Participant: 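The following block contains the structure, expressed as structure tokens.
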There are 2 protein chains.
Amino acid sequence: MTKQRRIRQEPVSLATVAAQAGVSIATVSRIVNGEVRRASPETVERVQQLVSALGYRPNHVGRTLRRRESKIVAMLSPNLDNPAMAAIAASVETALRTAGYVMILCDTHDRADLQDEYLNAMRSQVVQGYVVVNAVRSEGLSAAVARGDPIVFVGRRNPDTRGSFVGIDNWRAGMDAADHLWSGGFREIAVIYPSQGSSATRDRVGGFMARLEDLGMPTSALRQAEAPGLSHLEVGYAAAQNLVKKRPWPPALFCPSDLMAYGAYRLASEAHVQVPKECSIVGVDDNTLNAWIAPWLTSVRIPYADFGARVVEQLQVLWAGEQGSEQLLPHELIVR
Amino acid sequence: MTKQRRIRQEPVSLATVAAQAGVSIATVSRIVNGEVRRASPETVERVQQLVSALGYRPNHVGRTLRRRESKIVAMLSPNLDNPAMAAIAASVETALRTAGYVMILCDTHDRADLQDEYLNAMRSQVVQGYVVVNAVRSEGLSAAVARGDPIVFVGRRNPDTRGSFVGIDNWRAGMDAADHLWSGGFREIAVIYPSQGSSATRDRVGGFMARLEDLGMPTSALRQAEAPGLSHLEVGYAAAQNLVKKRPWPPALFCPSDLMAYGAYRLASEAHVQVPKECSIVGVDDNTLNAWIAPWLTSVRIPYADFGARVVEQLQVLWAGEQGSEQLLPHELIVR
DNA sequence: ACAGGTTAGGCAAACGTTTGCCAAATGCTA
DNA sequence: TAGCATTTGGCAAACGTTTGCCTAACCTGT
């Protein structure tokens, strides 16, 4: 570990350019910002030459301080390891970049305390808005909402009140899954879910069960099992264990997320239950990888790639001082 | 869309606290920063009361401008959709948070122009350092390196020169895969790879082939195929197609990434070739999901979860003005 | 020639911090 | 009582921008 010679040349600021050009800082600032009518054509030309010659780039920190607005948006997301979350992050990032913003990414691990810590930290960073994926109820979140901070909720609604939201109609997604299995001829169907489910999973399961009831399925033929835990993979595995503890494997199974379906699949494999021959599984998300390595899984595709554009749209609505709205994107059941 | 009443209460700054406390801004600043010996105990007490009562939080923008250092690190990553990249992002994010930093995430889509655009944008944001995952050669990158900006390379080395690097010994990973298949008794083995592979995939394949040669395998028994493309999923599929165009499926196949293995698997499934019974596949990465839905895949596990800590370590070395080093983390072949 | 308008550009304050330096007041020693 | 060190705290500059306001100089029409 030897000392390294830093070649740190001094940064070039408006002052640098102004001195070289023999004009004032104000003039350079105006020209850089496109106000060309406030200087003579020759001056504009000269300054622009110098700007590119010196490689001047406006310092966003100074600009933010003065303008009291940054080009930074914070995204709070639980466990990035979840492919669905990663897909959302990727989509939002791209949309923000197109709109001229950058994204600070915060992994809250689904913990209220971390969510609050990040909300506070982000406020110090003077971020311009927040994208909160699968928000949990927390003090800091309520405070931010009360303050009127621009927040777009994704996946899960604002636990407290209404507001900007981007997601799908989870209830209907559950209904669609029910329709699929019912019309597939299944008359004994199981469903598994996490013990402390989010509103999203609850809605999916709720819609699923309600629809089956509507279709005339006797309650006794609808088997349920749950399991506690954080990772949907493990929840799926454990809930499936509970499901088959006393009775044989069901011919059809609905899981409110693909990850849970993977968990159930693992147990089925271990039990030498063939999927989908002996047990048809329906999940929700339709992860990219399904087409490649999980063709046995029927899944409700959520158009995560379209989330980013909607999120940015909502942010812009909020920035304009208007009320945000709920954006429900179309889902689609994918059978392979 | 009705106008929303904003309740934007004025932000509380050092000046607010100072005015309330009847002391100068300087004094408050010092107390907030823990310099308690520059004020009388009573003053300190009074100011601290006010700080928490008013909910004062230092404005990072002002601080950054003055100190000329921010607590922001930029991470440039190609396609977050790749589970391996998401794992790295999650790990780095956590490590940065622990060290008191936040992460701006930039998805370069493996494009040199986007990489440069982001490098420039990040410089304007006065980020404190860069984490570049699978860097591509680009003008802006060279410029940043020449400038002495603190950059940690992950996965792929600095295309131009040496520097801080976190990753695994790809060559050896390839060798380990070769050993595994050879000791499994396979004497006809295939390998597929992308046409324009990165140094990482090239090294893996290189080590694999070199090791097989060392073991005495005739070159004729080592089949190769390649395919162009961006997504490793599609590369794997297409390369596998090329592989079996004229000859039957090989009994063993090495893929320099799990995604490529998934692509090959899909083709195998379509061709009704049983994996792993008729074709053993070895990949690299060992994605989390393998244990759940791809138990047929043997894979070289890369400890992505440990990357974050090493990355932050390297950043701190660079910030101390010292020379960064190469951090090769241990990999491990996982058989299920 | 003069009023009024336009053009070209500078001054300086402000955003929120940090920090070197100064100064008054207090305490201590000789 | 003089001399000196310590405590306590304020002043003001600086970081890089933006922008309201000011002021020359020039132009135009009567």
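Convention: sequence-line order gives letters A, B, ...; per-chain numbering from 1. Hydrogens, waters and symmetry mates are skipped; everything else that's a heavy atom, side chains included, is used. All values reported here derive from a predicted model rather than from experimental measurement.
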Participant: Please answer whether the main-chain N or O of A:V166 pairs with a side-chain N or O of A:R310 as donor and acceptor at a distance below 3.5 Å.
Facilitator: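 Side chain of A:R310 to backbone of A:V166, a donor-acceptor pair under 3.5 Å: no, none is there.
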Participant: Working note: B:D116 + B:E139, criterion side chain to side chain contact (heavy atoms under 4.5 Å, CB included); need CA distance, chi angles, decisive distance, verdict.
Facilitator: CA-CA 7 Å; B:D116 277 358; B:E139 206 175 312; 3.8 Å; yes
Participant: Would you please say whether a donor-acceptor pair under 3.5 Å links the side chains of A:S325 and A:Q327?
Facilitator: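 Indeed, the side chains of A:S325 and A:Q327 share at least one donor-acceptor pair under 3.5 Å.
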Participant: What are the two closest heavy atoms between A:V311 and A:V154, and how far apart are they?
Facilitator: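 Reported closest heavy-atom pair: CG2-CG2, 3.8 Å.
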Participant: Which parts of residues 64-74 of chain B get close to DNA chain D, meaning a heavy atom less than 4.0 angstrom away?
Facilitator: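 DNA chain D contact set from residues 64-74 of chain B: B:L65, B:R66, B:R68.
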Participant: Do B:S164 and B:Q314 meet the criterion of a side-chain donor-acceptor pair at a distance under 3.5 Å?
Facilitator: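 B:Q314 and B:S164 do have a side-chain donor-acceptor pair below 3.5 Å.
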Participant: Within the 4.0 Å heavy-atom criterion, would you say A:S29 contacts the bases, only the backbone, or no part of the nucleic acid?
Facilitator: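 Base contact.
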Participant: Quick one: closest heavy-atom pair of A:S91 and A:G308, and the distance?
Facilitator: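 Smallest heavy-atom distance, with atoms named: OG-N, 2.7 Å.
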Participant: Donor-acceptor pairs are to be reported for all side-chain atoms of residues 70-84 of chain A against protein atoms at under 3.5 Å, with residues two or more places apart or in another chain.
Facilitator:
residue: A:S70; atom: OG; partner: A:I72; partner atom: N; Å: 3.3
residue: A:S70; atom: OG; partner: A:V126; partner atom: O; Å: 2.7
residue: A:N82; atom: OD1; partner: A:A84; partner atom: N; Å: 2.9

Participant: Under 3.5 Å, is there a donor-acceptor pair between the side chain of A:T108 and the main chain of A:Q115?
Facilitator: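 No, the answer is negative, given that no donor and acceptor are paired below the 3.5 Å cut-off.
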Participant: When you look at B:Y101 and B:E93, which way does the side chain to side chain contact (heavy atoms under 4.5 Å, CB included) test go after all the steps?
Facilitator: CA-CA 9 Å; B:Y101 289 78; B:E93 196 271 352; over 6 Å; no
Participant: Starting at atom CD of B:E45, determine the distance to atom C1' of D:dT8, rounded to an integer number of angstrom.
Facilitator: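 After rounding, the gap between these two atoms is 17 Å.
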Participant: Taking ring pair (Phe, Tyr, Trp, His ring centres under 6.0 Å) as the definition, give me every residue that meets it alongside A:Y304, ordered by chain and number, with sequence neighbours left out.
Facilitator: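 If we apply the ring pair (Phe, Tyr, Trp, His ring centres under 6.0 Å) test to A:Y304, skipping adjacent residues, the hits are A:F307.
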Participant: Return the value, rounded to whole Å, for the distance between atom CD of A:E35 and atom C1' of D:dT17.
Facilitator: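 Going from A:E35 (CD) to D:dT17 (C1'), I get 14 Å.
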Participant: Using whole Å, what does the distance between atom C1' of nucleotide D:dT19 and atom CG of A:N33 come to?
Facilitator: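 About 11 Å, once rounded to whole Å.
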Participant: Five pairs at each end of the helix from C:dA1-D:dT30 to C:dA30-D:dT1: take the axis at both ends and give me the angle between them to 10°.
Facilitator: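 The angle, to the nearest 10 degrees, is 60°.
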Participant: Should B:L50 and B:Y56 count as side-chain neighbours, where that means a heavy-atom distance under 4.5 Å?
Facilitator: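 B:L50 vs B:Y56: side chains apart.
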Participant: Distances under 3.5 Å only, N/O to N/O: pair up the protein atoms with those of nucleotides 6-10 of chain C.
Facilitator:
residue: C:dG9; atom: OP1; partner: A:T43; partner atom: OG1; Å: 2.8
residue: C:dG9; atom: OP2; partner: A:S40; partner atom: N; Å: 2.5
residue: C:dG9; atom: OP2; partner: A:T43; partner atom: OG1; Å: 3.3
residue: C:dG9; atom: N7; partner: A:R38; partner atom: NH2; Å: 3.0
residue: C:dG9; atom: O6; partner: A:R38; partner atom: NH2; Å: 2.7
residue: C:dG10; atom: OP2; partner: A:S24; partner atom: N; Å: 2.6
residue: C:dG10; atom: OP2; partner: A:S24; partner atom: OG; Å: 2.7
residue: C:dG10; atom: OP2; partner: A:T27; partner atom: OG1; Å: 2.7
residue: C:dG10; atom: N7; partner: A:R30; partner atom: NH2; Å: 3.0
residue: C:dG10; atom: O6; partner: A:R30; partner atom: NH1; Å: 3.3
residue: C:dG10; atom: O6; partner: A:R30; partner atom: NH2; Å: 2.9
residue: C:dG10; atom: O6; partner: A:R38; partner atom: NH2; Å: 3.4

Participant: At their closest point, which heavy atom of B:V312 faces which heavy atom of B:A99, and how far apart are they?
Facilitator: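 Heavy-atom minimum between the residues: CG1-CB, 3.9 Å.
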Participant: Is the side chain of B:R156 donor-acceptor paired with the backbone N or O of B:A135 at a distance under 3.5 Å, no angle test?
Facilitator: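 Yes.
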Participant: Heavy atoms within less than 4.0 Å of DNA chain C: which residues of residues 53-61 of chain A have one? Give them sorted by number.
Facilitator: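 Nothing qualifies; none.
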Participant: Taking CD from A:Q125 and C1' from C:dT17, how many angstroms apart are they, rounded to a whole number?
Facilitator: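 Going from CD in A:Q125 over to C1' in C:dT17 covers 14 Å.
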